[in-house]
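Note on naming: letters A, B, ... go to the chains in the order of the sequence lines (proteins, then strands), and numbering restarts at 1 for each one.
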2 protein chains.
Amino acid sequence: MATDSTPETRWLTPDEQQAWRAYLRASRLLEVALDRDLAHHGTQLSEYEVVSMLSEAPAGRMRMSALADLVVQSRSRVTHTAARLEKRGWVRREACVDDRRGVELVLTEQGRAHIDDMARCHVNSVREHLLDVLTPEEFRDLGHSMQKIRDALAEPGQAGDAIR
Amino acid sequence: MATDSTPETRWLTPDEQQAWRAYLRASRLLEVALDRDLAHHGTQLSEYEVVSMLSEAPAGRMRMSALADLVVQSRSRVTHTAARLEKRGWVRREACVDDRRGVELVLTEQGRAHIDDMARCHVNSVREHLLDVLTPEEFRDLGHSMQKIRDALAEPGQAGDAIR
DNA sequence: TGGTGCTAGTTAATATTTCAACTATATGCC
DNA sequence: GGCATATAGTTGAAATATTAACTAGCACCA
């Protein structure tokens with residue numbers, strides 16, 4: 001827990017500070033840009049992530065909680081998002097056979113029909129704002145570093161599932 | 001504009017795909033973790049960013065719009081956030097002398113008194129989840145890459161101020 | 001069995017964010 | 001000056017997200 005209880009704090013060096021701020025600002029700008037591009041297709045990035053994951057899952061279906069973990073959203077948020085997507089006719093809910101508490105979200109034909117366009121848009125967007133801005137090595141390294149960060153945060157023991 | 005109008009789409013390679021997903025997931029997890037740590041001090045990360053910027057600005061004051069650009073929030077959002085912070089007594093509004101449309105947000109003594117604790121918490125949090133997870137070189141490179149991304153997105157010509 | 005505790009998902013209330021007006025002031029141009 | 005347009009910031013309503021309760025079903029153990 002980084003709640004601070006230690007008396008001494010190791011402040012960031014100016015370089016570290018600068019790097020951290022760059023990260024924070026860039027990540028926000030990136031999110032905004034990706035969201036805006038996708039908005040032309042009437043979707044938010046966070047919604048797109050859900051249907052996108054569904055589209056790659058076997059049979060286009062996935063458990064709510066698995067989905068929540070995958071896209072890093074709270075369970076409650078996924079419920080709301082799913083309701084929205086359902087209203088659009090892109091997904092439907094189905095009861096789980098093996099676990100009667102469970103619900104599977106299923107991609108509909110109509111949903112699948114939309115995905116191609118959105119995916120194209122999203123990929124172009126990612127290329128434009130991220131890939132084209134970095135060298136291939138820089139991008140590769142970025143991926144590796146973020147993977148390390150993800151693994152550290154996803155450790156069940158520590159800060160674990162911060163999201164319920 | 002990555003709105004897609006070109007017929008052919010350059011899809012991501014599996015490696016690129018993986019790196020991008022890692023980024024997306026890690027950035028969300030990071031945000032959640034930092035937010036949660038700061039929550040012990042009754043603040044959101046986005047709110048902390050505002051007071052933090054104020055605390056470093058000369059005289060602890062800054063124009064609303066400058067603040068909005070700096071922390072990458074819409075003007076409207078900053079207005080609401082400021083109202084919240086004001087209610088807590090951490091900041092106050094002051095009319096601008098030179099530009100009568102303008103408003104400056106000013107950090108109060110009470111606000112300043114809280115910052116130290118939050119900053120400590122935040123730094124610990126950043127160290128724990130980010131710095132300690134990467135090697136110094138990895139972190140440095142991450143900073144550089146994100147800076148390039150930020151610069152590309154902040155270019156006034158292109159995707160420019162996506163935020164009003 | 002029955003009890004205890006855990007997991008899955010939803011719900012309602014609340015908080016925050018976005019969106020689209022809207023006011024007021026500044027700026028540039030004739 | 002006077003008009004047109006741009007900028008600064010706010011506002012209220014609608015959309016979205018978070019929080020804390022709550023229901024239901026599973027799982028284990030005695």
*Between the side chain of A:T43 and the main-chain N/O of A:Y48, is any donor-acceptor distance below 3.5 Å?*
no

*Take the protein atom CD of B:E47 and the nucleotide atom P of C:dA15, then report the distance between them rounded to whole Å.*
13 Å

*Minimum-distance nucleotide (side-chain atoms of B:S76 versus D:dT18, D:dT11, D:dA17)*: D:dT11

*Report which part of the nucleic acid B:S65 touches: base, sugar-phosphate, or nothing (heavy-atom distance under 4.0 Å, all strands).*
sugar-phosphate

*Candidate nucleotides C:dT16, D:dT10, C:dT18, ranked by approach to the side chain of B:T79 - the nearest*: D:dT10

*Is B:R127 reaching over with its side chain to a backbone N or O of A:W11, donor-acceptor style, under 3.5 angstrom?*
yes

*For A:R77 and C:dT11, is the shortest distance between a side-chain N/O and OP1 or OP2 below 4.0 Å?*
no

*Evaluate the criterion side-chain contact (heavy atoms from CB on, under 4.5 Å) for residue pair A:L30 and A:L130; output intermediate values, then yes/no.*
CA-CA 8 Å; A:L30 199 48; A:L130 192 65; 3.9 Å; yes

_Under 3.5 Å donor-acceptor pair, A:H80 side-chain atoms to C:dT11 base atoms_ = no

*Starting at CG of A:L45 and ending at P of D:dA15, how long is that distance when rounded to a whole Å?*
20 Å

*Identify, residue by residue, the members of residues 91-100 of chain B with a heavy atom below 4.0 Å from DNA chain D, and return them in order of residue number, or none.*
B:R93

*Would you say the side-chain atoms of B:R140 pair up with the backbone N or O of A:A19, donor to acceptor, closer than 3.5 Å?*
no

*Could you tell me the separation between the CZ atom of A:R84 and the P atom of D:dA15, rounded to a whole number of Å?*
11 Å

*What's the closest nucleotide to the B:R63 side chain, out of C:dT17, D:dG9, D:dA17?*
D:dG9

*Have a look at A:E47 and tell me which of A:R77, A:R84, A:K87 forms a salt bridge (Lys or Arg N to Asp or Glu O under 4.0 Å) with it.*
A:R84

*Atom-to-atom span, CZ of A:R75 to C1' of D:dT16 - whole angstrom*: 20 Å

*Interatomic distance where CD belongs to A:E104 and P belongs to C:dA8 [whole Å]*: 13 Å

*Looking at CE of B:M146 and CD of A:E138, how far apart are the two atoms once the value is rounded to the nearest 0.5 Å?*
12.5 Å

*Starting at atom CG of A:D35, determine the distance to atom C1' of D:dT16, rounded to an integer number of angstrom.*
12 Å

*asked:* Quick one about A:T135 and A:E137 (side-chain donor to acceptor, distance below 3.5 Å, no hydrogens or angles considered), yes or no?
replied: yes

*Would you say the side chain of A:V50 lies within less than 4.5 Å of the side chain of A:L105, judging by non-hydrogen atoms?*
yes

Distances for protein N/O vs nucleotides 5-7 of chain C N/O pairs under 3.5 angstrom?
from	atom 1	to	atom 2	distance (Å)
C:dT7	O2	A:R101	NH1	2.7

*A:Q73 CD to D:dT19 C1': how many Å, rounded?*
16 Å

_Heavy-atom closest pair, residues B:R100 and B:V97_ = CG-O, 4.4 Å

*Mind calculating the distance between NZ (A:K87) and C1' (D:dA14) to the nearest angstrom?*
12 Å

